[in-house]
Protein chains: 2
Amino acid sequence: MSGPISRRVTIKDVAEAAGVGVATVSRVLSGGSASAETRERVLAAAARLDYRPSALGRNLRRQRTGGIGLLVPDVTDTFYARLVDGVLSCARSYGEPVTVGVTGDDPEREAELIGTLIEHSMDRVIAVPSGDGETWAPALRSGLNLVFADRRVRADVPSVVADDRSGVLTAVEYLVGLGHRRIAFLARHGQSQRVAAFTGALAALGLPADPELVVHARASRDSAYAAAAGLLQHRPDVTAVLAGGNVLGEAAVLAARELDVRIPRDVSLVMFDDVPWAELCSPPLTVIAQPAQDIGYRAAELVFRQGRRPPTVTLPTELVVRASCGPRR
Amino acid sequence: MSGPISRRVTIKDVAEAAGVGVATVSRVLSGGSASAETRERVLAAAARLDYRPSALGRNLRRQRTGGIGLLVPDVTDTFYARLVDGVLSCARSYGEPVTVGVTGDDPEREAELIGTLIEHSMDRVIAVPSGDGETWAPALRSGLNLVFADRRVRADVPSVVADDRSGVLTAVEYLVGLGHRRIAFLARHGQSQRVAAFTGALAALGLPADPELVVHARASRDSAYAAAAGLLQHRPDVTAVLAGGNVLGEAAVLAARELDVRIPRDVSLVMFDDVPWAELCSPPLTVIAQPAQDIGYRAAELVFRQGRRPPTVTLPTELVVRASCGPRR
DNA sequence: ACCGCTCATGGAAACGATTCCAGCAGAGTT
DNA sequence: AACTCTGCTGGAATCGTTTCCATGAGCGGT
């Protein structure tokens, strides 16, 4: 056959082989009008040469990269991994490649990645925003087609999020129904939505608000553990804990075990996000399931169909009762 | 300031603003030679206009996309998620974007993705290959710079893998030391390396080979569960199970629970891959830890430094003993 | 028979960068 | 003083595609 490394087959080669002009080849291949005979000749030539149009040339001309950019805090976190999977599976049906970046929940790193994105003329981006969304202002001004997932931090950007309010409310109602009065919320920094939902739920159910019962941690496992251990140690009066995410839940289980606090005898635990290990855990964890994959998929749909877009899509959550909650001790 | 959507700033604008030619701007920005005064003028103009070179233009000219492609079977699997994280973190230090694709362990889907990759002129690719590697032949011929991770299926492609042989051997030795004689291996299709290591280890330790004791499953959770349940049900004589991956291990735990087989009383379990939930599981799982993130990182290093490359990098595994193994019942 | 309309077609411009090449100025050498 | 050498500089070609526009053929209507 050909040598070990062969020059790329270009549209010019196809045109020559088919005995037509390059313009005609381009038209045929992108579904423009052409006579049946010409079309056949071009198609045959393209197939014979195994021609693949260069995305580079096309994108330069079209002034946009087909693919989409995806920024998440951490692919290692099962929740975001599923979100990524959702985006990928939607993008696949459009045949578009997805460029993934990890922000580590750090606005500075996020800004850096945004820079790379626009350098590559990515005009479609899905992101789990890290900070207050201010980082995105310049990109937005340059006409970027952006969708936020999981968090809603700007009113001018369409967002796909889980229904935090109802999720938190259901969980708190459930715990209150079991007799709990002092319920703590283990939150990651930036989960203002959920914190607000939490204090709102407490108020709605006539429980006293104690600002010290919402504990904040950074996104890392270490920080989560420290927060959970601190809470469990210094507030023996809390009888139930709501963890704002799966790493926080994991940390709570680990800390409880270390401090010899029994779940659910000593303290009840509800965790945000249903991950596979929630069922394997001892005890199996009661969770607020979020449609992580769906969030990604819907966000991708939004970014593709860029017609008039609803400002926010809210997806339902579901309380999955297992064995990590008991009556107030 | 400017309007809501502003035209992109090109090298031509910078040249004009600095009163020099485009060639000079390009040289200054890519570190070529220029007089100190010119350099300063150009840099100032570029900064003032907030100029960012278009990767599209550059790549078209250079005939290659800077970024790297990454193909994994499933981002939802913690092991691959960590591998992806490793690649991403290495790529970040080079400032290169990473395009991720999910193959679902399906050679056909893989071939499709390879097509997309070369369409986008990605000349650097890291992949966890799905089939026998035959899919890659055409891409390789076109001069693709490819590195395999986690699996080694072609001798002509540099690969980064965990030390399966020693990992399996250590685990089998450990189980045999506990008195086990009938040990089964739950394998995913395509894990021929590990299966070979397993039968090799049995032979080395003088145990009889029973081909029915290696059970195969596809990559899905359902298939894994079916395989695990089948094994546990039909072979009550096996006293220990080695699971070839974390989804297989998860399936084994679930199936055992369902069938009321106690771990480790009735059957001992060792799982490949140390995932966060292994410790949270009941009982905590003894695992063969693989340096997933490192595998990704090293693979990325290899694909960047494309100097003379060692054919295979083998990374060590470690047996982490927890509580899922006991003496033979 | 002529006009005008539609339609297929190919040449050429454009996208934004890199890089070859030639020109030119200034310094150093004989 | 002429010549060479070095080093900076800008014009122009190039990468592979899409798309604008002009051309020409075919054809139906009056």
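Here is how names work: the chains are called A, B, and so on, in the same order as the sequence lines, proteins then strands, and each is numbered from 1.
Between A:Lys12 and A:Glu16 there is no salt bridge, since no side-chain N of the basic residue sits under 4.0 Å from a carboxylate O of the acidic one. One finds a salt bridge joining A:Asp105 and A:Arg151 here, because a Lys/Arg side-chain nitrogen approaches an Asp/Glu carboxylate oxygen to under 4.0 Å.
Distance A:Leu60 CG to C:dA13 P: 17 Å, rounded to the nearest Å. The distance between atom CZ of B:Arg64 and atom P of D:dG16, rounded to the nearest whole Å, is 15 Å. Note: CZ (A:Arg8) to P (D:dG16) measures 8 Å, nearest angstrom. For B:Lys12 and D:dG11, the NZ to P distance is 11 Å, given to the nearest whole Å. Counting to the nearest Å, the P atom of C:dT19 and the CG atom of B:Leu29 are 13 Å from each other. A:Arg62 has its CZ atom 9 Å from the C1' atom of D:dT17, to the nearest Å. For the pair B:Asp13 CG and C:dA17 C1', the interatomic distance rounds to 13 Å; values are reported in whole Å.
For A:Arg61 against D:dT17, no side-chain N or O and base N or O form a donor-acceptor pair under 3.5 Å.
In terms of phosphate contacts, B:Arg58 brings a side-chain nitrogen or oxygen within less than 4.0 Å of OP1 or OP2 of C:dT18.
Here the options are A:Val313, A:Val157, A:Val161, A:Val160, the test is side-chain contact (heavy atoms from CB on, under 4.5 Å), and the partner is A:Arg152; only A:Val161 passes.
When heavy atoms are screened at a 4.0 angstrom cut-off, B:Arg52 is found touching the sugar-phosphate backbone but no base atom. Within the 4.0 angstrom heavy-atom criterion, no nucleotide atom of any strand lies near A:Leu56.
Closest to the side chain of B:Gln63, from the set C:dC15, D:dC15, D:dT17, is D:dC15.
Around CZ of A:Arg298, the count of heavy atoms belonging to other residues, nucleotides or ligands within 6.0 Å does not exceed 12.
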Inset, instruction - For each nucleotide in nucleotides 6-11 of chain C, reading 5' to 3', give B when a protein heavy atom comes within less than 4.0 Å of its base, S when such contact involves only the sugar-phosphate, and - otherwise. - result: --SBBB
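Remark: the B:Thr312 side chain and the B:Ser159 side chain contain no N/O donor-acceptor pair separated by less than 3.5 Å.
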Inset, instruction - Let me see the working for A:Leu49 and A:Val9 under side-chain contact (heavy atoms from CB on, under 4.5 Å), right down to the final yes or no. - result: CA-CA 7 Å; A:Leu49 298 179; A:Val9 176; 4.0 Å; yes
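The aromatic rings of B:Tyr94 and B:Phe304 sit parallel to each other, their planes meeting at less than 30°, with 60° as the upper class boundary.
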